[in-house]
Amino acid sequence: MNCHCAEIVTPGLLDLFDARQRLIDAATPINTVETITLEQSAGRVLAETLVAPLDMPGVDNSAMDGYALCLADYQAAPGGAGLPILQRVPAGAGVMLLPEGGCARIFTGAPVPMGADIVVPQERVTLDQRGHIHLEGSLVLGANIRRQGEETRMGTPLLAAGTFLDAASIALLASHGINTVNVKRRLRVALLSTGDELITPGTARAPGQVYDSNRAMLNVLLAQAQCDVLDLGVIADSPQSLHQAFEHAQTAADVVMCTGGVSVGEEDHVRPVIEQRGGLHFHGVAMKPGKPFAFGYLGAEPASSTPLMALPGNPVASLVGWQLLALPFIHAMQGRSVAALQSYPVKAGFSQRGPRGRCELLRVVLDWARELPVAQLAGGQGSHMLSAASQADGYLMINPETDVAEGSTYHYYPINQFAA
Ligand code: AMP
Ligand code: MG
């Protein structure tokens with residue numbers, strides 16, 4: 001979903017979707033593989049495509065509690081005499097042979113006896129005084145029988161390399177009897193905040209000081225994204241401190257992430273230090289908030305170096321930069337298949353002047369009181385205002401030079417797509 005704003009963005013800024021693609025393309029996935037038990041595998045990324053080691057289901061079995069029979073036997077019973085119950089097949093029983101001239105009482109999941117070609121649910125069966133069954137409703141050959149291999153055939157692909165192992169995929173593997181998996185090793189990310197004004201929550205604030213919320217936020221986001229975090233704390237606004245911190249980070253981690261100090265003010269030392277220690281792929285994205293996002297590397301050349309993402313200092317800019325740009329890069333580094341961005345059209349419930357020179361991601365809540373949802377502003381839209389971001393359901397994407405008109409439709413990006 002491209003906002004196609006490349007032609008009208010401020011010169012020097014990269015289109016948001018181009019920046020996202022450049023990040024994904026630049027990622028070199030982790031290639032170390034670990035063998036772990038299925039129990040330990042939640043949140044890990046499959047390192048190989050797995051094929052089914054057996055048929056699923058393993059045998060023809062019943063989809064209902066009812067009666068298994070040969071339809072022709074039932075229809076041939078003289079004078080509509082029905083069929084006697086000559087067998088009982090609970091779940092866990094082996095595959096039996098249907099006794100001639102009779103039917104089997106059968107339960108969900110139990111193997112359909114050989115010779116039976118239909119299972120009739122118990123709700124559609126009556127028993128006469130002799131204990132013979134009589135059937136109601138339409139009788140279709142093969143009904144209520146789950147066929148061997150109808151879901152997966154032995155040897156066919158089960159899960160692709162790059163699959164994120166969540167509850168359903170782990171259950172799928174368990175259902176096929178698999179209990180060890182080859183996964184990528186976890187990604188190690190060095191995290192640091194820059195800014196002389198930053199202090200740690202829990203200490204008293206002097207005038208001019210600011211609590212470091214970005215590191216609190218990114219620690220959570222990185223953990224949710226299944227990364228091991230090397231938290232390097234707050235780094236002072238000086239080239240020397242940054243050099244020191246980056247030197248450590250680039251050898252100790254797979255990826256470096258920092259926030260703040262990446263605009264173009266004279267107190268912003270991150271860009272020049274990156275350029276001295278490595279280089280920049282790009283700096284500046286045509287988005288609001290999130291413009292001062294930088295992507296570069298620490299080391300002699302991109303291929304053998306440590307990638308670095310420098311997020312803006314403003315907390316909401318940092319959050320949006322993570323969600324739209326950093327997260328897909330992290331997923332690509334993890335060897336995980338990167339999901340396409342999800343958006344759908346939603347009407348705005350307000351009017352306001354639109355962004356100039358870049359697209360804007362308005363923090364909105366959805367009002368579901370009517371038939372279709374309507375987006376309302378979640379609160380103040382300053383890039384320093386976490387209160388609105390904390391309430392928002394999603395972002396309404398406004399293209400550059402486009403004013404927002406109440407009742408008009410815009411692309412809405414649900415925030416829950418960025419969870420892990
Ligand atoms: P900067 O990008 O360093 O110019 O910072 C932009 C704004 O974000 C300033 O108001 C900073 O005080 C604020 N800021 C920078 N880093 C953080 C952080 N880690 N937590 C909260 N606010 C921050
Ligand atoms: Mg700063």
Side-chain angles (χ1 to χ4, degrees), residues 10 12-14 19 189-225 227 229-246 248-249 253 255-276 280 282-296 308-327 358 360-361 363 379-392:
T10 304
L13 297 184
L14 199 56
V189 180
L191 175 64
L192 49 107
S193 294
T194 73
D196 288 341
E197 76 281 27
L198 299 178
I199 53 167
T200 306
T203 58
R205 183 177 72 175
Q209 291 186 318
V210 170
Y211 288 116
D212 179 3
S213 57
N214 287 347
R215 210 153 43 85
M217 177 177 76
L218 287 163
N219 261 306
V220 173
L221 293 169
L222 285 162
Q224 284 173 348
C227 296
V229 183
L230 173 65
D231 186 344
L232 298 180
V234 176
I235 308 302
D237 279 322
S238 79
Q240 299 87 317
S241 317
L242 281 172
H243 269 292
Q244 235 175 26
F246 284 167
H248 177 196
V255 177
V256 179
M257 284 188 61
C258 61
T259 74
V262 75
S263 297
V264 287
E266 57 211 60
E267 290 296 330
D268 294 321
H269 304 290
V270 169
R271 177 177 178 153
V273 173
I274 298 172
E275 284 173 323
Q276 285 159 28
L280 277 170
F282 64 80
H283 182 199
V285 178
M287 65 195 282
K288 181 184 178 186
K291 181 173 77 167
F293 185 102
F295 176 45
L308 175 146
M309 290 180 287
L311 300 174
N314 273 309
V316 185
S318 209
L319 175 65
V320 173
W322 161 266
Q323 291 166 330
L324 290 160
L325 297 171
L327 183 60
R358 47 191 172 139
E360 184 164 15
L361 293 141
R363 278 72 75 201
Q381 296 292 312
S383 62
H384 55 299
M385 293 177 175
L386 281 168
S387 44
S390 75
Q391 298 304 308

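Order of appearance sets the numbers: ligands from 1, and atoms from 1 within every ligand.
Other residues, nucleotides and ligands contribute more than 12 heavy atoms inside 6.0 Å of the CD atom of Gln224.
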Between the protein and ligand 1, are there any N or O atom pairs that come within less than 3.5 Å of each other, and if so, what are their names and distances?
| residue | atom | partner | partner atom | Å |
| --- | --- | --- | --- | --- |
| ligand 1 | 2 (O) | Gly261 | N | 3.4 |
| ligand 1 | 2 (O) | Gly313 | N | 3.3 |
| ligand 1 | 3 (O) | Gly261 | N | 2.8 |
| ligand 1 | 8 (O) | Gly313 | O | 3.3 |
| ligand 1 | 8 (O) | Asn314 | N | 3.2 |
| ligand 1 | 12 (O) | Glu197 | OE2 | 2.5 |
| ligand 1 | 14 (N) | Gly313 | O | 3.3 |
| ligand 1 | 19 (N) | Asp212 | OD1 | 2.8 |
| ligand 1 | 19 (N) | Asn214 | ND2 | 3.4 |
| ligand 1 | 20 (N) | Ser213 | N | 3.1 |
| ligand 1 | 20 (N) | Asn214 | N | 3.3 |

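Ser318 is listed as a side-chain neighbour of Met217, based on a closest heavy-atom distance under 4.5 Å. Put simply, the side chain of Phe295 does not reach to within 4.5 Å of the side chain of Leu280, judged on heavy atoms. The closest side-chain heavy-atom distance from His283 to Ile274 is not below 4.5 Å.
Judged by distance alone, the side chains of Thr203 and Thr200 never bring a donor and an acceptor atom under 3.5 Å apart.
Across all non-hydrogen atoms, the minimal contact from Asp237 to Asp196 is N-OD1, 2.8 Å.
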